[in-house]
Visitor: 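I'd like to ask some things about the structure below.
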Amino acid sequence: MKFAFSVAMRFLLSSKAQTLLIILGISIGVSVQLFIGLLIQGLQIDLVDSTIGNSSQVTIISTRDDRTIMDWQELIQRLEESALMTDITVVSPVLESPVFIVSTETSPSVIYRGLDFDRADAIYGIKDRVLQGSLPGRNEVLIGKELSEELELLIGQTITVLSSEGRTHQLVISGIFDLRVAGLNRSWVLGTLETAQTIAEKEGRISAIEMQVLEVFDADIIAASLAGAIEVDGIRVDNWKDQNQQLLSGLQGQSISSLMIQVFVIIAVALGISSILVITVVQKSRQIGILKAMGVTDRTASLVFLFEGALIGIGGAIVGVLLGLGLSIAFTTFALGPDGEPVVGLYLNYGFIALSGLIAFGASVIAAVIPARRSARLTPVEVIRNG
Amino acid sequence: MANIVELKNVNKFYGTTVKTQVLFNIDLSFEVASFNSIIGQSGSGKSTLLNILGTLDRPTDGQVLIDGRETGSMKNIDLAALRNRTIGFIFQFHYLLPEFTALENVLMPFRVSNSAVTKEAFERAEELMEIVGISHVKNNLATRMSGGQQQRTAIARALINNPRVVLADEPTGNLDSDTSEKVFRMLREINERFGTTFVIVTHDRRIAEETDRIVEIVDGRIRMDLAR
Ligand SMILES: Nc1ncnc2c1ncn2[C@@H]1O[C@H](COP(=O)(O)OP(=O)(O)OP(=O)(O)O)[C@@H](O)[C@H]1O
Ligand SMILES: [Mg+2]
């Protein structure tokens, strides 16, 4: 082993230019593979984040006729005391009630969402997204930017809403929010749970519990174990994955094509290494013949080339990972959107980076198998006979 | 006296479709500690014979015995070990490893079978290099030496493991007659000091005549076997 290793090392060092060239070749392959992998992962994280980062990822909703959940404080308490909380980051009750703003000309229909603002803020970031005014108190309402512009509503004005129970309520506009989704800014108005309960005439009840989870792609699993754990009649547990199948299959398609590119890059690299090492075996066949005449075994002769593969694999992996990270950092530094933010965020997935390096190393060793077998088969007479 | 190497009825054919016979029914053995030469015209089969003696090549049929052991049934891995311990080669084309220095080349057969170079091995290498007169170039890469220096390095390398038998194919082929004479005397001295058996292929009759036994090969057959 040690002998084969030192011979491999010497062979590589004695043709430095060639060795550096192979290492460079592997490095470029690895860096491209790593860059593509990190880029697509970053893209997907950004996409998922902008899609569900500020919305409920797992939701307990009522299946009862009146669409309400009774005893919800108890339910939340049980939830927060359960082991499930290791996966869940936010639990926020909500009561939704459709209303018409009848004090305006068009009487648009909106949803009055009663929230516990301390909890809901972790999902919607509402506190940071109130443009003017303040959070609503009793009989107050926070309206969206687009809605305020279209209906020309200002802070301090009073609006009249008509509930589905047929009663009207007076609400004072306490502020204007911008959730950065025009649709929500138009269709949602926000208030306290108590006000919502008054409007909907559902005292002490809510319509849903909204949650966010640590691993968004595990939302379906968490939802399922949640449904199993709470065992309450008249509710259902939804998760974002079930509601975003199209997005998911899009992401999956992207992942697969990214994976294919990475696999082909690695195969190309491996073939390159293999063919160069085969040439090296031919170049070194004299030496191998001499070594075998001196008593080097076939196994040791093949180990020399496996070690060569391993050594250039390690070199290529290290340089390649550095190069790939450099590429990724350069991309996020220089490829900026109109808002000055990177087009794609940089997410250093250390596991993936380590895996890339490991695959490059493995591919180099595997690529060395054919040359190594050639080296094992070589007989000394082939070389010794005629110079 | 016992034989260190022995060929029994060896035939050697080359080629697969058109077979040409190069060696014909060779029966030949060399005694322990003897000093022998093989002569013959170019193409007569000397190198082929020597390669078969050294287990680098296998005979088409017949037996090769090294130190009493039949080698035909031995596996490559056992042959490798046998070669490393028992046989030293000096090739017609001297063949050093160009990636290594003269000293490293000399120590190579030792390193093949030992995990580390011992002080004794190192001293032995230095001594052998002193004997063949290449101490002053011991740290040169093999490519940075003259043909004669390379050949002498190859001789020192063949002797490092203190083999029972040295098979030398034209060991003085690249040397002028003075140096040639010196190297030859040196081989003789080693033969007498360590009891190493020598089988030396040469085309130089003058050198052959100084050995204890001359075997002449003509067209793959032993024409003359002269012991003195
Ligand atoms: N691989 C081979 N295939 C076919 N014929 C071969 C092969 N190797 C050697 N021969 C033939 O075998 C014969 C003996 O060759 P060998 O090398 O043993 O000669 P030699 O006596 O060592 O000659 P020289 O003094 O020139 O070195 C020659 O006729 C040669 O052409
Ligand atoms: Mg010859």
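Atoms considered below: every heavy atom in the structure, side chains included; atoms not considered: hydrogens, waters and symmetry mates. The sequence lines fix the lettering, A, B, ..., with proteins before strands; numbering per chain opens at 1.
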Visitor: Counting only heavy atoms not in B:Asp61, do more than 12 sit closer than 6.0 Å to its CG atom?
Guide: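 Counting other residues, nucleotides and ligands, CG of B:Asp61 exceeds 12 neighbours.
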Visitor: Please answer whether the main-chain N or O of A:Lys292 pairs with a side-chain N or O of B:Arg83 as donor and acceptor at a distance below 3.5 Å.
Guide: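 Answer holds: yes.
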Visitor: Counting only heavy atoms not in A:Ile370, do more than 12 fall under 6.0 Å of its CD1?
Guide: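 Not more than 12 within 6.0 Å, no.
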Visitor: I need the B:Glu99 CD to A:Gln287 CD distance, nearest 0.5 Å.
Guide: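 Taking CD in B:Glu99 and CD in A:Gln287, the distance rounds to 4.5 Å.
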Visitor: If you compare all heavy atoms of B:Phe91 against all heavy atoms of A:Ala293, which two are closest, and at what distance to 0.1 Å?
Guide: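 Taking B:Phe91 first and A:Ala293 second, the nearest heavy atoms are CZ-CB, 3.6 Å.
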Visitor: Surrounding CZ of A:Phe264 (heavy atoms of other residues, nucleotides or ligands, distance under 6.0 Å), is the total greater than 12?
Guide: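 Not more than 12 within 6.0 Å, no.
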Visitor: Is the CD atom of B:Gln63 crowded by more than 12 outside heavy atoms at less than 6.0 Å?
Guide: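 Yes.
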Visitor: Please report the shortest heavy-atom distance between B:Asn84 and A:Gly295, naming the atom on each side.
Guide: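 Minimum heavy-atom separation between B:Asn84 and A:Gly295: CB-CA, 3.8 Å.
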Visitor: Taking atom CZ as the centre, does A:Arg374 end up with more than 12 heavy-atom neighbours from other residues, nucleotides or ligands that are less than 6.0 angstrom away?
Guide: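 Open: at most 12 neighbouring heavy atoms sit under 6.0 Å from CZ of A:Arg374.
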Visitor: How long is the span from the CG atom in B:Asn105 to the CE atom in A:Met294, to the nearest 0.5 Å?
Guide: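 These two atoms lie 6.5 Å from each other.
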Visitor: How long is the straight-line distance from CG of B:Asn114 back to NZ of A:Lys2, given to the nearest 0.5 Å?
Guide: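 Rounded to the nearest 0.5 Å, the NZ-CG separation comes to 10.5 Å.
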Visitor: Do other residues, nucleotides or ligands put more than 12 heavy atoms under 6.0 Å from the CE atom of B:Met186?
Guide: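 Correct, the count exceeds 12.
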Visitor: Do other residues, nucleotides or ligands put more than 12 heavy atoms under 6.0 Å from the CD atom of B:Glu70?
Guide: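 Enclosed.
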Visitor: At what distance, to the nearest 0.5 angstrom, does CZ of B:Arg58 lie from OG1 of A:Thr379?
Guide: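 Output value for this atom pair is 10.5 Å.
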Visitor: Just verifying a value: how many Å separate B:Leu79 CG and A:Thr297 OG1, rounded to the nearest 0.5 Å?
Guide: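 It is 12.0 Å, given to the nearest 0.5 Å.
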Visitor: Under 4.5 Å between any side-chain heavy atoms of A:Ser6 and B:Arg111, yes or no?
Guide: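 Yes; the side chains approach each other to less than 4.5 Å.
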Visitor: How long is the gap from CG on A:Leu291 to CG on B:Leu97, to the nearest 0.5 Å?
Guide: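 CG of B:Leu97 is found 5.0 Å from CG of A:Leu291.
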